[in-house]
Amino acid sequence: MKLYNTLSRSVEELQPLNPPVVTMYTCGPTVYDYTHIGHMRTYTMVDILRRTLTMQGFHVKQVMNVTDVGHLTSDGDTGEDKLEKGAKKYGKTVWEIAQFYTDFFHSAMKVINILPPDVESKATDHIPEMIELIQTLGKKGFTYETDEAIYFDVSKFSNYGKLSRQKIDEKLQAVRDEVFEDPQKKHPADFVLWFKRVGKFADHTMHWPSPWGEGFPGWHIECSAMSMKYLGESIDIHTGGIDHIPVHHENEIAQSEGATGKKFVQIWVHPNFLQVDGQKMSKSLGNFYTYEDVQKKGIEPLALRLLFLQAHYRQSLNFTWESAKGAQETLDKLKNTVLTLRSQTERSMLSEDKLAKIDEYRIAFRTALANDLQTPQAVSVMFEMLKSNIPSEDKLDLLYEFDEVLGLDLAKTEQEKIPDEIIQLGWTRLQARQAKDFAKSDELRKLIEEKGYNIEDREETFEIIKKNR
Ligand code: AMP
Ligand code: ZN
């Protein structure tokens with residue numbers, strides 16, 4: 001299995017620390033607003049990675065956090081806590097906000113067929129682990145305290161910047177314009193491990209006792225603490241969107257490697273953004289759609305999944321309604337193919353060359369995915385296979401096998417049921433026709449068509465067919 005590693009900027013062979021187990025940590029959502037389809041793209045690509053590894057015989061152990069405290073609006077140390085901001089905006093408690101958007105996140109993952117991680121853990125359930133880790137860092141000389149917070153001192157960690165390849169001085173340049181709120185902070189790239197409940201955070205709702213007084217953790221420490229707790233000090237794969245590279249993941253490396261002295265992550269995998277009109281789809285820009293917005297336009301979340309698969313995860317993908325509709329049409333065709341293949345149940349004798357062909361398609365599919373998850377190629381192998389002369393039943397078997405990874409849920413395809421209301425309209429129309437009331441019969445045909453169906457006359461009866469979207 002080859003994967004692009006952001007750390008080395010090259011495609012590498014995955015060499016798990018304890019094969020066949022592969023440990024994978026996935027940065028989860030900050031639950032202060034709706035999960036949008038940009039988030040869904042990142043988690044879909046991680047799901048494909050996980051399913052690919054499983055197909056290859058690895059035993060994946062995946063942990064994902066849910067951030068419900070400490071993530072400030074800047075990703076750094078300035079701004080408001082996103083959860084507190086969400087609570088104010090909606091007139092709810094922070095706990096209600098976290099629960100509501102966690103539930104929404106789960107429903108978004110379910111409709112797009114993303115397998116749940118083995119462990120999903122909330123930041124607020126791991127405060128003692130975070131405090132312990134900060135204490136370890138303190139003992140090793142990586143921290144300092146101001147009146148407002150406990151900081152990680154990046155000048156003490158010689159490898160700081162190895163992931164983003166940003167020099168600390170450049171980072172200084174980049175953040176110079178930021179409102180600098182804590183006058184005792186030594187270096188702008190230093191980051192908060194623990195916020196004290198003082199100053200602008202004096203009224204912070206979520207707070208816990210700590211050796212440094214009441215307060216709450218900084219955002220980055222949760223991932224180091226939870227990764228270590230559930231997966232050990234060194235892990236195989238860590239995932240997150242590309243926006244995490246320069247700050248969040250850089251800081252996770254500093255904290256984890258500072259504390260253990262060991263390499264934190266073998267391979268860093270960062271899916272690129274879903275964009276709208278050339279800009280990142282994001283909560284803060286307000287240019288986002290949820291899966292519900294997509295459904296309202298007659299597009300299934302699984303069509304989005306297909307759309308995501310048709311682009312490589314390291315490329316940005318510009319979202320348009322045209323492309324989403326196109327993906328829905330392709331998905332509809334795929335489902336029709338499944339229904340047709342199912343009705344052709346005869347399994348003919350497999351000749352040598354057909355057997356060889358099945359193997360060829362299987363190998364081509366697996367090779368595409370093993371090569372840094374070339375999903376567009378894997379999808380086109382699937383379509384080529386469907387066009388081939390392999391017997392129907394074998395085709396269907398192979399399609400289902402591919403779908404174990406692609407996750408389009410094709411095995412669950414069912415003939416769409418025509419609603420009773422439409423069938424009733426059909427009968428009323430038949431009666432009108434038999435009574436030679438053609439004006440009424442035409443009117444009813446129109447009504448049926450407006451509702452998305454076509455009606456065809458048969459002798460003494462009729463057939464209703466759902467229109468293509
Ligand atoms: P957040 O809840 O903002 O921490 O984001 C959760 C995950 O979604 C992170 O891995 C982000 O990098 C990722 N993400 C955020 N916006 C987008 C986007 N427009 N396209 C793809 N991934 C995104
Ligand atoms: Zn994280």
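First listed ligand is number 1; within each ligand, the first listed atom is number 1. Quick caveat, the model's predicted, so the values are computed rather than measured. Basis for what follows: all heavy atoms, side chains included, without hydrogens, waters or symmetry-related copies.
- A distance-only check finds a donor-acceptor pair linking the side chain of H36 to the backbone of H39 [under 3.5 Å].
- Under the 4.0 angstrom criterion for non-hydrogen atoms, H39 is in contact with ligand 1.
- Within a 6.0 Å sphere centred on NZ of K200, other residues, nucleotides and ligands contribute more than 12 heavy atoms.
- The closest donor-acceptor contact from the side chain of E13 to the backbone of M1 lies under 3.5 Å.
- Not one N or O on the side chain of H244 forms a donor-acceptor pair closer than 3.5 Å with the backbone of G241.
- The protein heavy-atom contact nearest to atom 20 (N) of ligand 1 is L274 N, 2.8 Å.
- At least one heavy atom of H36 sits closer than 4.0 Å to an atom of ligand 1.
- Screening residues 207-216 for side-chain hydrogen bond (donor to acceptor under 3.5 Å, both in side chains), with sequence neighbours left out, gives W194-S210, H207-E214.
- Close approach of ligand 1 to F273 is summarised as follows: ligand atoms under 4.0 Å from at least one heavy atom of the residue are 17 (C), 18 (C), 20 (N), 21 (C).
- Side-chain polar atoms of Q310 and T375 form no donor-acceptor pair below 3.5 angstrom.
- A side-chain donor-acceptor contact under 3.5 Å links K196 to the backbone of T146.
- Taking any N or O of M281, backbone or side chain, at least one lies under 3.5 Å from an N or O belonging to ligand 1.
- The tally of protein N/O/S atoms under 2.8 Å from the Zn ion (ligand 2) stands at 4.
- For the pair S282 and ligand 1, the shortest N or O to N or O distance does not fall below 3.5 Å.
- Using 4.0 Å as the threshold, K283 has a heavy atom nearer than that to some atom of ligand 1.
- For atom 21 (C) of ligand 1, the nearest non-hydrogen atom of the protein is G38 O, 2.9 Å.
- Annotation: Y160 is not in aromatic contact with F142 [ring centroid separation under 6.0 Å not met].
- For atom 13 (C) of ligand 1, the closest non-hydrogen atom on the protein side is T42 OG1, 3.9 Å.
- With Y25 as the partner, the side chain to side chain donor-acceptor pair (under 3.5 Å) test is satisfied by one option alone out of D236, N65, T239: N65.
- The aromatic ring centroids of Y34 and F288 lie 6.0 Å or more from each other.
- Listed by first and then second residue, the side-chain hydrogen bond (donor to acceptor under 3.5 Å, both in side chains) pairs involving residues 265-280 are T6-H270, D243-K280, H249-H270 (not counting sequence neighbours).
- Assignment of Y43 to the shell around ligand 1 is supported, since a heavy atom sits closer than 4.0 Å.
- If you check which protein heavy atom lies closest to atom 10 (O) of ligand 1, you get G241 N, 2.9 Å.
- Close contacts between ligand 1 and D243 involve ligand atoms 11 (C), 12 (O) [criterion: under 4.0 Å to a heavy atom].
- Counting only residues at least two apart or in different chains, ring-ring contact (aromatic ring centres under 6.0 Å, His included) contacts with residues 55-80 comprise H71-W219.
- Shown in contact with P29 at under 4.0 Å from a heavy atom are these atoms of ligand 1, numbered in order with element: 2 (O).
- Side-chain contact check for Y291 and S107: at least one donor-acceptor pair (N or O, by modelled atom type) lies under 3.5 Å.
- The protein heavy-atom contact nearest to atom 9 (C) of ligand 1 is H244 NE2, 3.5 Å.
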